[in-house]
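One structure is given here, and the rest of the page talks about it.
Only heavy atoms go into these numbers, but all of them, side chains included; no hydrogens, no water, no symmetry mates. In listed order, ligands and their atoms are each counted from 1.
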Amino acid sequence: MNLVASESISRLATLHCSACGTSYSAFELQRVSACCSLPLVAGYDLHEPLSRDVIDQADSSMWRYGALLPLLHEKNKVTLGEGMTPMLHLPRLAARHELSSLLLKDEGQNPTGSFKARGLGMAISKAKELGVDGCIIPTAGNAGVAMAAYCARAGLKAVVVMPRHTPQAFKEECYWYGAEVELVDGLISDCGARVRQRNANGALLDISTLKEPYRLEGKKTMGYEIAEQLNWTLPDVLLYPAGGGTGLIGIWKAFQEMKQLGWLAPDVKLPRMVAVQAENCCPLLETYEGRQANCHSYQGSATLANGLAVPHPLGESMMLRVLRESRGTVVGVSDEDMMAGMRDLGKDEGLFVAPEGGAVWMAARHLLATGWLHRDESVLLLNTGSGQKYMENVAGRANG
Ligand SMILES: *Cc1c(COP(=O)(O)O)cnc(C)c1O
Ligand SMILES: [Zn+2]
């Protein structure tokens, strides 16, 4: 199907290979780049001036940034109200740790309970726009649930392949959305292999992280929201729990686009970006610290933070580029510490976060202790999911 961008408010112009820059049409169905078999990245026409007035203030979802999103036609939008999540101050934790400014963006308040709603809302809208009839995904939990929900809403077939050890709540929720669930012994990488085998004929669109270009575009809306919610300023340091890395890469992409658009003043300093990983599965940390050349043969194991159990992220070099460009770093957090972080955010701030969110807070504490992070710097934590569905991972601590 061929679509014409000029009928639309979207400034979508092109797709290019993340490794070598080769261009591809943004107006037909694409997967990874044919040149390098690596992620494709959407590019927009940002030469014509575009003021911040294009933000649709009446729309309190991620779709308010429509001009900078890839959807061409409103009729293809598949939405459950994702995005525009709250930016919360954490005054008690800030006081306890003598931090001058500590904020948390609570992505657990998205439809389906995680920020995966942004990526899947966008990817499924584009799948519908491009005439796809069904989608398949390997997942650690949240992405599969989100894909199942948006496919249900779009009227598309959904197949979700997840590790057998995934908390039951994720499996059950997929059922209620009418998706077919297949369980695999192993991690998300084993599920990915099963998806390739099962979908060898290409009948379904593979929505694996960064194997189609549009989940990234949904995730980048976090970057636009952060700037808008902070009145077009940015924090000094931003901590993000990185599995496949779409949030890290997407937020950084949004910052670059906003710089180019002039939405951020030339003197606004971009944050140092911190990728937080689970000690049990930290391929990026190992590469970053030079213990391996890349993640290709990394062996990871399961962690409480299911979303971080990604041993072979396809976007590894894209993540490393963000860390380099932003002068950021990588921190590994143990499962025990993630629970300590969840407890801090729960009892001091009233937030029941996913283990990934607990990890991010503990990484901030670690960086404070090492002096990498200074007490007078402003810090933003991304809590990517709600704790509710992970209950069986962290159960048994309460009395009675
Ligand atoms: C998927 C997931 C992550 C990791 O996101 P990536 O985009 O793969 O880096 C972090 N936290 C939660 C709760 C997730 O579901
Ligand atoms: Zn290429």
Worksheet item: Judged by modelled atom types alone, do Trp63 and Glu82 share a side-chain donor-acceptor pair under 3.5 Å?
Response: yes
Item to complete: Examine the proximity of ligand 1 to Tyr390 and report which part, side chain or backbone, both or neither, has a heavy atom under 4.0 Å away.
Response: side chain
Quick test: of every protein heavy atom, which one is nearest to [atom], and how far off is it to 0.1 Å?
atom                    : value
atom 9 (O) of ligand 1  : Gly245 N, 2.6 Å
atom 7 (O) of ligand 1  : Thr246 OG1, 2.5 Å
atom 8 (O) of ligand 1  : Gly244 N, 2.7 Å
atom 11 (N) of ligand 1 : Thr384 OG1, 2.6 Å

Worksheet item: With a 4.0 Å cut-off on heavy atoms, is Pro241 touching ligand 1?
Response: yes
Worksheet item: So, does Lys219 sit close enough to ligand 1 that a heavy atom of it is under 4.0 Å from the ligand?
Response: yes
Worksheet item: Hey, does the side chain of Ser125 reach the backbone of Val78 with a donor-acceptor pair shorter than 3.5 angstrom?
Response: yes
Item to complete: Would you check if the side chain of Glu225 reaches a backbone N or O of Met84 as a donor-acceptor pair within less than 3.5 Å?
Response: yes
Worksheet item: Does atom CZ of Arg375 have more than 12 heavy-atom neighbours from other groups under 6.0 Å away?
Response: yes
Discussion item. Counting only heavy atoms from other residues, nucleotides and ligands, does the tally under 6.0 Å from CH2 of Trp176 exceed 12?
Written reply: no
Worksheet entry | Of the listed options Glu356, Lys116, Glu107, closest to atom 3 (C) of ligand 1 (non-hydrogen atoms) | Lys116
Practice prompt. Go through Glu377 and Arg272 one step at a time and tell me if the salt bridge (Lys or Arg N to Asp or Glu O under 4.0 Å) criterion holds.
Written response: CA-CA 11 Å; Glu377 290 185 299; Arg272 309 206 298 287; 2.8 Å; yes
Fill in: Output field: ring centroids Trp361/His97 closer than 6.0 Å
yes
Practice prompt. Tell me whether the centres of the aromatic rings in Tyr390 and Phe352 are closer together than 6.0 Å.
Written response: no
Worksheet item: Would you call the rings of Phe115 and Tyr240 parallel, tilted or perpendicular if under 30° counts as parallel and over 60° as perpendicular?
Response: tilted
Practice prompt. Quick one: do Asp45 and Arg11 satisfy salt bridge (Lys or Arg N to Asp or Glu O under 4.0 Å)? Show the steps, please.
Written response: CA-CA 5 Å; Asp45 179 5; Arg11 290 284 186 92; 5.1 Å; no
Worksheet, complete the sentence: Here the Zn ion (ligand 2) sees protein N, O or S atoms within less than 2.8 Å, and their number is 4
Fill in: Distance-only N or O hit between ligand 1 and Gly243, under 3.5 Å
yes
Atoms of ligand 1 close to [X] [distance to a heavy atom under 4.0 angstrom, numbered from 1]:
X      : value
Gly247 : 7 (O)
Ala242 : 9 (O)
Tyr240 : 5 (O), 6 (P), 7 (O), 9 (O)

Worksheet entry | Validation row: Ile207, Arg215 side chains within 4.5 angstrom (heavy atoms) | yes
Worksheet item: How close do Ile188 and Pro138 get, heavy atom to heavy atom, and via which atoms?
Response: CD1-O, 3.7 Å
